[in-house]
Amino acid sequence: MPGDSSGCGRPRDRPKPNRTRYPYTRRSGNEGMFRPFRESVESALASVLRARELPIDDLGLEEPPEDIDAVLASSIAFRLASELGAAPPQIAGELAAEIDAGEYRYIDRIEPAGPYLNFFPDESYFEGTLKAGQEPGYGALPSRDTSVVVEHTSANPTGPVHVGRARNPIIGDAVANVLEYAGYDVDRHYYVNDAGRQMAVFTWAYERFDESELPEPARDRAEYRMVRYYRKGNEFLENAEPDAVEAAEAEIESILQGLESGDEETYDRVTEVVDTVLGGMRECLARLPAEFDEFVKETRFMRDGSTDDVVDRLKALEGAVYEEDAWQLEFENIEKNLVFLRADGTSLYTTRDLAHHEWKFENYDRAVTVLGEDHKLQAEQLRSALELLGSDTERLESVIYSYVNLPEGKMSTRRGTGVQLDDLLDEAIDRAREEVETRLDDRLRNDELDDDDVERIARQVGIGAVRYDIVSKQPTKAITFEWDRALDFEAQSAPYVQYVHARCCGIENEAAGIDPELNVSVLTSEAERELLLTIARFPGVIEAAADDHEPHRIATYTREIADRFNGFYRECPVITADDDATKSARLALVIAARHTVANALDILGVEAPESM
RNA sequence: GGGCCCGUAGCUCAGCGGACAGAGUGUCAGGUUCCGGACCUGGAUGUCGCGGGUUCAAAUCCCGUCGGGCUCGCCA
C-alpha cells in the first residue's frame, strides 16, 4: 500500500538514535537485475498469452531446480493443457517458439524443457549484476515511500532478559532490517508495559524492602539488582501472613489507582522503577545488538486520555456488554470476550494497547508486531477490536514465534528460573575465544592477530552464532535450549558465512595492485557464473523475506552464497590468475560477493568480520 | 475438552502446489609445494507422523487421527 493512508506528522522527523551498525547500506541501495529480469519474463509471457486470448493472472513463475541455470521458469503449460486440449510439453514448445527473446531485456533465450519453460539470462544480466555488486548497498530495494513501525521485544521491565524471550529481539531486529532493505521506512519500537499490576507490585516491593534483606545480585547491573526486590515481593505475597499480604495488596491497589487517575506522584514512583530496570535491560539488548528508535510507554495512552476515549467508543459498540461487574466486548468469531474495563473503572492491558495501536496507525502506514505465541489470542482480539473501532487492520501484521524452553520447563523472571541472555552471550564469547586461540597456531594466513583482534573475533563469532542459530529457523518451531546446540560453531552456523566474508577481505587485501574491472566476458567458468547468478538473486530474496516477514530465508540464502563462493574460491584463483583481465574481473566478483554476504549478514544482525 | 502452531535422513533444520525431497551434523574414504583448511571432494542414509480426499501434479491444500507445544484469567 504505497503512499500515505491517514496523512499526519510521522515520527520520522525526529532525529534517530545513533545506530552505528549500518555504516553504508540501506541508503544508497542498488536493486540489481533479478527483479528487472522477472519483469521482462512476466511481460514476455503475458504478451504471448494475451495474443492467444488466454488469462494472464497466473504465470506459474518459479525458480528452477539447482541443476538448471535458468533464472526463472514457468509451469504455465500445465494449466493450459486442458483448455487448449494439448499436452503440456507441446504447449511449452509452442509458447517458447512464439516469444522472441530478443524483444525483452535481459532475456537471452527461452527453452522448453518438457512441460516447463526456462528463461535464461543474457550477458547484460551478468554485467548488470557485477556492476550492481560493486556498490556497498547492493541488494537494498528502491524506497516504497511507506512507513512501518516494527514493535518487538516489549518485555515487561521486571528483570534480566532471559533466553526464553531472546527470540523476540533477534527475530524482531532482523524483520526490521529486512524491511529496511526492502525499501520501507522503518522505526523500531519497544512498548513498555509500565502500567500493569506487575509494575505496581514491583514499585511496592522496591519501596517496602531494604537491600540488606536481599541476596547478592547475579550481575552488577541495574536490572539484576532490581529484580531481587521483585522476586522478594512476589515471594512475600505468596507466603506472608494474611494480614501483611492484605496490607501489601492495598498498597499495590493504590498504586494502580494512582496510575489510572493520572496521579503525578504515583507515576513518578513507578517510573523510577521502570526506567531503572529498563535501563539495564537495554544494555543487555544492546549487546546483540538490538536497538530501538523509541520506547513507548503504555502510561502515555492513559495520561493523554486516549485510553478513556477508546473505552467510550468500545462501550458504544454493538458487541459491548456489561457482565459480571465488567465491561466486555463480544466478538463474532472469537469465543472469548475481551474485558476492557473493570468494575473499579481501571483499564486493562489490551484496552491500552488499543489506544497504542490507533496511535501507530496515525503515525505509520503499517505496523508489524513480533510476539510470542502465548500472546496470539490477545493479538486476535486486539485486531478484531481495532476493526470494530474503525481501523483498517490490513495495515497490522504479526510475527509469531514460539518460546525457547529449557529441558526442565519454562523460564520465569518472577521465579528466577532460566538462563539469562547475558550468560548465554558470555558463554558464547568464551567458547569462541577458545576456538580462535586453538586455531591461532595453525593459521595459514600470516597476519598476526593481536589480543584486541582475538577479542573482537570472539565477540563477532560468539554473538553471531547465537543470533544466527535463532534467526535461521522458522519462528513457529519450538526450541528446547541446550548449551552445546546453541553454541555449535560447526554446523550451518554464522562462522561458516563469516569466514567467507573474511576470505573475500583477505583476497582484496592481497590484491593491492589489481584494479577491479566489470568484465564478465572473461568470467566464463561454471563456478563464476553460478556465483554471479546467486549474487543476482539477492534482491529477490530480500523482497520475498520482507513480504512474508521471514528473515530466516536470508539465513538460508547466506549458506547458498557461501557454498557458491567456496566453489569459486576452489576453482578460480584471483591474485594468481593467468592474465590481468581475469584477475581484475575476478576481483570485481569477489567484491560483489563480499557486499552481498555483508549485507545478508547485516540483515540478520550478524557482524561480518574482516579477519577471523 | 475447544481453538491455534509444530511433526521431513540417527540429530538440527531448509523446501510449503510443480522438474529426481535438499543441506549441515554424525559416520566412512580422500584433499593444502597454489589468494585464509572455521575450507573442499566423494560414498551411505528417508513409508516427508499415520489414514483418507482434492488436483494433470501433494512434503506442500482439505478432512480425520496420533504425538508434542501454546492458549482458553476483571495477568501482561
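In what follows, every chain begins at residue 1, and chains take the letters A, B, ... in the order their sequences are listed.
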Contact between A:Phe568 and A:Asn566 at the side-chain level, heavy atoms closer than 4.5 Å - yes or no? no

Sticking with atom [atom1], work out how far [N] lies from [M], rounded to a whole angstrom.
N	M	atom1	answer
B:rA29	B:rC35	P	29 Å
B:rC50	B:rG67	C1'	11 Å
B:rA57	B:rG69	P	38 Å
B:rC16	B:rA21	C1'	12 Å
B:rC39	B:rC72	P	45 Å
B:rU33	B:rA19	P	41 Å
B:rG46	B:rG2	C1'	35 Å
B:rG17	B:rC75	P	41 Å

Whom does [N] pair with, Watson-Crick or G-U wobble, provided both distances fall under 3.5 Å?
N	value
B:rG22	B:rC13
B:rG42	B:rC28
B:rU33	none
B:rG1	B:rC72
B:rU55	none
B:rU65	B:rG49

When you measure from the side chain of A:Thr438 to the backbone of A:Glu435, do you find a donor-acceptor pair of N or O atoms at a distance under 3.5 Å? yes

Using the rule given for side chain to side chain contact (heavy atoms under 4.5 Å, CB included), can you reason through A:Thr158 versus A:Val227, listing the C-alpha separation, both sets of side-chain angles and the distance that settles it, and then say yes or no? CA-CA 6 Å; A:Thr158 53; A:Val227 75; 5.7 Å; no

Rounded to the Å, how far apart are [X] [atom1] and [N] [atom2]?
X	N	atom1	atom2	value
A:Tyr569	B:rU32	OH	P	14 Å
A:Phe340	B:rA76	CZ	P	15 Å
A:Asp325	B:rG73	CG	P	17 Å
A:Tyr468	B:rA38	OH	P	18 Å
A:Phe489	B:rU25	CZ	P	15 Å
A:Phe568	B:rC34	CZ	C1'	15 Å

Between A:Arg553 and A:Asp548, is the closest basic N to carboxylate O distance under 4.0 Å? yes

Going by an N to O cut-off under 4.0 Å, is there a salt bridge joining A:Glu434 and A:Arg439?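 Result for this pair is no, no salt bridge flagged.
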
Out of [options], which has the shortest distance to the side chain of [X]?
X	options	result
A:Asn156	B:rU71, B:rG37, B:rA76	B:rA76
A:Thr556	B:rA14, B:rA38, B:rA76	B:rA14
A:Ala502	B:rG36, B:rA14, B:rA76	B:rG36
A:Gln198	B:rU71, B:rA76, B:rC35	B:rA76
A:Val436	B:rA76, B:rA38, B:rC35	B:rA38

Nucleotide by nucleotide, nucleotides 3-13 of chain B touches protein heavy atoms under 4.0 Å in the pattern (B base, S sugar-phosphate only, - none) -SSSS---SSS

Side-chain N or O of [X] closer than 4.0 Å to phosphate OP1/OP2 of [N]:
X	N	result
A:Arg79	B:rU55	no
A:Arg570	B:rC40	no
A:Tyr191	B:rA76	no
A:Arg564	B:rA23	no

Applying a 4.0 Å non-hydrogen cut-off, can you work out what [X] is touching in the nucleic acid: base, sugar-phosphate, or nothing?
X	value
A:Tyr403	nothing
A:Gly114	nothing
A:Val461	base
A:Cys572	base
A:Asn118	base
A:Arg352	sugar-phosphate
A:His375	base
A:Tyr496	sugar-phosphate

Residues 78-87 of chain A side chain polar contacts: donor-acceptor under 3.5 Å, at least two apart:
| unit_1 | atom_1 | unit_2 | atom_2 | d |
| --- | --- | --- | --- | --- |
| A:Arg79 | NH1 | A:Asp58 | OD1 | 3.2 |
| A:Arg79 | NH1 | A:Asp58 | OD2 | 2.5 |
| A:Arg79 | NH2 | A:Ser75 | OG | 2.8 |

For A:Glu260, which residues count as a side chain to side chain donor-acceptor pair (under 3.5 Å) partner, sequence neighbours excluded?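 If we apply the side chain to side chain donor-acceptor pair (under 3.5 Å) test to A:Glu260, skipping adjacent residues, the hits are A:Ser347.
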
For A:Asp484, which residues count as a side chain to side chain donor-acceptor pair (under 3.5 Å) partner, sequence neighbours excluded?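 If we apply the side chain to side chain donor-acceptor pair (under 3.5 Å) test to A:Asp484, skipping adjacent residues, the hits are A:Arg431.
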
Check against side chain to side chain contact (heavy atoms under 4.5 Å, CB included), A:Tyr230 and A:Gln198: CA-CA 9 Å; A:Tyr230 183 63; A:Gln198 289 184 62; 3.1 Å; yes

Interface residues of residues 57-78 of chain A with RNA chain B (non-hydrogen, below 4.0 angstrom):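 Heavy-atom contacts with RNA chain B come from A:Glu62, A:Pro64, A:Pro65, A:Asp67, A:Ile68, A:Ala73, A:Ser75, A:Phe78.
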
Both A:Gly567 and A:Leu348 contact RNA chain B. Taking the nearest nucleotide for each, which residue is further toward the 5' end?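 The residue mapped nearer the 5' terminus is A:Gly567.
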
Which residue lies more 5' along RNA chain B, comparing A:Pro475 with A:Tyr499 via nearest heavy atoms: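 It is A:Pro475 whose nearest nucleotide is closer to the 5' end.
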
Using atom types as modelled, flag every donor-acceptor pair under 3.5 Å from a side chain in residues 458-466 of chain A to any protein atom, sequence neighbours excluded.
| unit_1 | atom_1 | unit_2 | atom_2 | d |
| --- | --- | --- | --- | --- |
| A:Arg459 | NH1 | A:Glu607 | OE2 | 2.9 |
| A:Gln460 | OE1 | A:Arg456 | NH1 | 2.9 |
| A:Gln460 | NE2 | A:Glu607 | OE1 | 3.1 |

By ring-ring contact (aromatic ring centres under 6.0 Å, His included), which residues pair with A:Phe331, not counting sequence neighbours?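 For A:Phe331, no residue satisfies ring-ring contact (aromatic ring centres under 6.0 Å, His included) once neighbours in sequence are set aside.
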
Side chain A:Asn566 and base B:rA38 donor-acceptor under 3.5 Å: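 When only heavy-atom distances are counted, A:Asn566 does not reach the base of B:rA38 through any donor-acceptor pair under 3.5 Å.
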
Contacts of A:Tyr349 meeting side chain to side chain contact (heavy atoms under 4.5 Å, CB included) (sequence neighbours excluded), chain-then-number -> A:Tyr191, A:Asn193, A:Glu298, A:Arg352, A:Asp353, A:Gln378

Please list, chain by chain and in numerical order, all residues satisfying side chain to side chain contact (heavy atoms under 4.5 Å, CB included) with A:Glu235, sequence neighbours excluded.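 A:Glu235 satisfies side chain to side chain contact (heavy atoms under 4.5 Å, CB included) with A:Asn239 once adjacent residues are dropped.
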
